[in-house]
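What follows is one structure encoded as structure tokens, with my remarks underneath.
Every chain is numbered from 1, with letters handed out A, B, ... down the list of sequences.
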Amino acid sequence: MLLQMEGITKRYGGLTANDSVNFSLREGEVHALVGENGAGKSTLMRMLYGEEQPTEGKIRILGEPRAFTAPSDAIKAGIGMVHQHFMLFPSFTVAENIVIGREPKSGGKFDRKAAAEHVRALSEKYGMPVDPSAKVADCPVGVQQRIEILKVLNQGAKLIILDEPTGALTPLEVDWLLRAIRRLAAQGISFILISHKLHEVLGTADRITVLRDGKVTGTVNAADTDAAELSRMMVGRELAPFERKAANAGEAVLAVDRVTVRGPKGGKPLLDNVSFTVRAGEIVGIAGVSGNGQSELLQAVSGLRAVDEGRVALAGADVTNKDAAQFRQAGLAHIPEDRYLWGAAKEESVADNGLMGHVGSLSRRGILRKTEIRDTVSQWVKSFNVKTASLDTKAKHLSGGNMQKLIVAREMAHGTPFVIAAEPTRGVDIGAMETIHDALLKRREERGAILLVSSELTEILKLSDRILVLYEGKIAGELSAEEATEEKISMLMAGGGRD
Amino acid sequence: MAAINRIGWNKYAQALGMPFMAIALGLFVGAIAIWTVGGSVIDTYAEMWKGAFGSFYFTTTTLTRATPIILAALGVSLAFRAGFFNLGAEGQMILGALAAALAAIYVPGNGLIKILAAAIAGMLAGGLWSLLAGWLDTRFKLNLLITTLLLNYIAMYAAGYMVAFPLKEKGGTGGAQTEMLDSAAWLPKLFAGMTLHAGFLVAVFAALLLAWFLAYTAKGYEIRMLGSNPLFAAFGGVKRGPLMLTSMMISGALAGLAGTFEVLGTQYRYIDNMITSPGYAWSAIMATLLAGSNPIGSALAAILLAALQTGAMGVERNTEVPLEISSVIQSSLILFVSARVTFSFLKRRKARGADGNAA
């Protein structure tokens, strides 16, 4: 046994984050760790990586008890971690990022050539192609992840912890990564895979351990289980079967007419003559490999970016090139694509984050109505089951999934005719996903018009009445819910025509 | 809701404790400085304490000195909270002081009218000077840090020229200064025989008002969000342009008021260098940094810095240790304040486990 974690308990004051957790890993094994937000997965991994020390329990590597007081101890013991948010230097080359801390030197100076050569050999050995001289900033996300993995392999890692590795990847990149994990495992590298996505876990892992409320609810062989069983173990209850009534779409609420957003000088337009409508009572899904104009489209229909040509109308009002305040006035609620970039102020309290966009209704003559604000926000916290210590907790202390629930609650509370839901469930657990999907479908029943943008095809397929595929800034095709399949969408996403 | 209840009072205590630790370390470095120049550390700090708070007279003198620092610090805090680095407090104070002196001299009427006219003129002058920098940012995208800093020099030399030539006191033998105000326009003293004037009460009131404004009003909320994450504010429909101009205007007006009270309450005329040589504006910026732009904290930090300065004067009167030692202590304070940022970053890394930051 490569790794044994025995009876691991971690307490923070009154809270038990991990309660007598047992976890083991064989050489060359892929062992997935799943569980809802706050179930204790990260805490457990932080203890393994030396960022935290267990209150009780033992960690054994190859049978030897080990205590890691810092990540450097863990790295020395052959443990590597690839974080959800990459820790790379974007303005340096791939080779420089990989050899960091172990730079080849000649005559006391950093030897760039040797570094590039070393990285080339490394990438061949593990079958992870990268261009050593490319700048990291110019690499797609999937390649950046390869760089992270090569970096920890270069540090001599035999055990790699992957924290939500597929969160930011395109379907093709996900596919590639999961196969690479299997290949590396065959070469003797062991993996701990933290994930929310059960179908990925089922297809990749040997064993799966489920955590709930800090306790292990079970460790199962991937071959002997299915998604339904895993969800039950994670959530502790049956998930309601999903039903979507047929659409009964009414008049157009959002009308985008021949919108063009020019790119940098000489480059292709970011949005090229895009026209579509979203009608009352329907969900329109936008699929596409990220970077094909989704962000620009979202910003153009929410007042965060000016368009160069075309018109945008919202609930009958022309809002072309108006600002976000005017879009909101006309009837927009917006669950933003990047929750920390647009959707929250991390240094401010939960209450203040909840208030954004609601100042008008929760103040009187310019004075905030504190009691009503607190009542309203705590109502959302309750109905969306946001885990927070209090309303005064800073937003940065909430986990990503809980922050997302707060943002969804805040935006749905506007009750506007039009809702943008961009990556509404990115990084949230199954229970929260159910809540968020229910909220979107409920709004659809209430004759709301919803524009859904998601990199999760399953989400697009599950919720959308119509699906538009963006490719290089153009709408490459439209599919109805009935005719849409994952294959058809993937084809359009890759630039293939409908026929 | 059941989970993660571990953010207790000690977090707040830590936030308050930080400035005190910066002060303690500053005093420690000061002690080394005193020791190297051959003074007695204990005697020197004792004299410093006496010079700052040793008697009612010295205490009120400290508060007098703190008054313009508090007001300017409040202005700086407001701009910082909105995310705008207004380093122009000095120029705004200077123009405020000059405008106030002129208004108090030339506006006809009784004392109260003169005082009100001076306050309005002073706030307008400081506010408009600050607004100019804000406008240059919104209109031409000129970096606020640079414009506010450079506008200081324009204000300083323009005001210096004005009182050296066209507005110089008629027949006066003194230096570059305006004539003296009619004594009716002097701010009343709070205690007979002491220097402390009514401006201090206004400053305290302004601190409370600003704290209330930021926490309890819609505009205050928008300003805080704009400073915390401008994209989040834009997303939520907060308009950056008007809000920036307003906060820069108010920020400058507070600095202008600080200059006004120096004229009406202490000097009774505008004298060249009356704002620059005591370093009021830079003390104000330092107080703001020390307190993390919290209005009440900035006011307290302003009093502390004023105490360091009046204390240093006591040291100079009664010991052989030179006045510059106080500058050493102040400078090391700045150092430790900037160290605080790094320290809290390290703490945050350690505290990550306690953040409930699950995958």
With a sphere of 6.0 Å drawn around [atom1] of [X], does it hold more than 12 non-hydrogen atoms of other residues, nucleotides or ligands?
X	atom1	value
A:Gln329	CD	no
B:Tyr216	OH	no
B:Phe140	CZ	yes
A:Lys322	NZ	yes

Below 4.5 Å, heavy-atom pairs only: which of [options] has the largest tally toward chain B?
options	result
A:Gly343, A:Gly366, A:Ala324, A:Ala344	A:Ala344
A:Leu355, A:Leu304, A:Asp213, A:Val359	A:Leu355
A:Gly303, A:Ser302, A:Pro336	A:Pro336
A:Glu411, A:Arg410, A:His358	A:Arg410

Locate the shortest heavy-atom distance separating [X] from [Y]; write the atom from each residue and the value.
X	Y	result
B:Lys239	A:Ala325	CE-CB, 3.8 Å
A:Leu368	B:Ala215	CD1-O, 3.8 Å
A:His334	B:Phe235	O-CZ, 3.0 Å
A:Met356	B:Ala233	CE-CA, 3.9 Å

If we only count heavy atoms from C-beta on, is the A:Ile367 to B:Trp212 side-chain gap below 4.5 Å?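 Yes. Closest side-chain heavy atoms under 4.5 Å.
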
Which one of B:Gly237, B:Pro230, B:Gly220 has the most heavy-atom pairs closer than 4.5 Å to chain A?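 Looking at each option in turn, the highest pair count goes to B:Gly237.
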
Atom pair NZ/OG of B:Lys219 and A:Ser363 - distance to nearest 0.5 Å: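 Nearest 0.5 Å value for the NZ-OG distance: 9.0 Å.
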
Show, in sequence, the C-alpha distance, side-chain angles and deciding distance for B:Asn229 and A:Glu347, and conclude whether the side-chain contact (heavy atoms from CB on, under 4.5 Å) test is met. CA-CA 9 Å; B:Asn229 179 357; A:Glu347 294 296 327; over 6 Å; no

Chain B contact via A:Asp352 - side chain, backbone, both or neither, heavy atoms under 4.5 Å: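 Backbone plus side chain of A:Asp352, per the 4.5 Å heavy-atom cut-off to chain B.
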
Check step by step if side-chain contact (heavy atoms from CB on, under 4.5 Å) holds for B:Phe232 and A:Asn353. CA-CA 9 Å; B:Phe232 177 49; A:Asn353 272 281; 3.7 Å; yes

